[in-house]
Amino acid sequence: MRTAIVAGNWKMNGNSESINELMGALVDNLQGLDAVETLVCPPAVYLSQVKSLIGNASVALGAQNASQFESGAYTGENAPGMLVDLGCQYVILGHSERRAIFGEKDAEIAAKFAAAIEAGLTPILCVGETLEERESGNTMNVVGSQLKAVLDACGVGSFAKAVIAYEPVWAIGTGKTATPEQAQEVHRAVRAIVAEYDAEIAAGVRILYGGSVNAANAAELFANADVDGGLVGGASLKANDFIAICRAAAQA
Ligand code: PEP
């Protein structure tokens, strides 16, 4: 039995005032949703503010990125241990925006994944294909090689402490969502790849869907056997939408 997760990726949005408002609504309305783990990932500069707004509420804190290094002369970076120090339990790694805009490659993502595990964070490893890759029939080649790069470098054992997010690049921030069938097909294939390494770990690993999840489409996406919740961008900035998505996951 896998407990669903709904993670909000705020990306580079918000300010102290809007965060106070958003977190106030989430803390008030996400109580008692025991069937789902809820998680918010603010920009790093607001992690402490969000941590104190969470208080004792059952909302977890995650970062959107982490360095592969422990400490030292890496200007502008945040070490995984620093994120733990601020109260983070999760970190998103390999998001398509980091791959496409900041040039992160599989080897660097694998190093960050290993460093995050070592520090005690749960990495949420993002994988996904572009539209061109999907249309040329290469979805599983791309997703499989992104996943295997980390499985081979870090070992399947590390996936007992990790989460995978399937995020088709063409669906992120575009309003175009994968159909439930498209999502389930890739999620099943992702689990099968992990199972080639270790069947028990594959059965337990949570695989989230990300890409224009909203209050209207969440329930049908989360109803799929291999979809264990969502990684939510735009809709996670709107309290009512995010709460509705978390409730859909709790009922799936
Ligand atoms: C994301 O940023 O991971 C994401 C899925 O964004 P959106 O929900 O806005 O498509």
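Numbering of ligands and ligand atoms starts at 1, following listing order. Since the model is a prediction, treat every value here as computed from it, not as a measurement.
- The cluster map of Ile, Leu, Val, Met, Phe, Trp and Tyr, joined by side-chain heavy atoms under 4.5 Å apart, puts L83 and I92 in different clusters.
- A salt bridge links D228 with R191; the closest basic N to acidic carboxylate O contact falls under 4.0 Å.
- Protein residues having at least one heavy atom under 4.0 Å from any atom of ligand 1 are N9, K11, H95, E167, A171, I172, G173, G210, G211, S212, L231, V232, G233, G234, listed by chain and number.
- For the salt bridge (charged side-chain N to carboxylate O under 4.0 Å, His left out) test, no residue two or more places apart in sequence or in another chain qualifies with K238.
- Every residue two or more places apart in sequence or in another chain was checked for a side chain to side chain donor-acceptor pair (under 3.5 Å) with Y74, and none qualifies.
- Note on D106 versus K148: no salt bridge recorded, every NZ/NE/NH1/NH2 to OD/OE distance being 4.0 Å or above.
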Please output the side-chain donor-acceptor pairs of residues 120-135 that fall under 3.5 Å, not counting sequence neighbours, one pair per line with the distance.
unit_1: E129; atom_1: OE1; unit_2: Y166; atom_2: OH; d: 2.9
unit_1: E129; atom_1: OE2; unit_2: R134; atom_2: NE; d: 2.8
unit_1: E129; atom_1: OE2; unit_2: R134; atom_2: NH2; d: 3.3
unit_1: E129; atom_1: OE2; unit_2: Y166; atom_2: OH; d: 2.9
unit_1: E129; atom_1: OE2; unit_2: W170; atom_2: NE1; d: 2.8
unit_1: T130; atom_1: OG1; unit_2: E133; atom_2: N; d: 3.2
unit_1: T130; atom_1: OG1; unit_2: E133; atom_2: OE1; d: 3.2
unit_1: E133; atom_1: OE1; unit_2: T130; atom_2: N; d: 2.8
unit_1: R134; atom_1: NH2; unit_2: Y166; atom_2: OH; d: 3.3

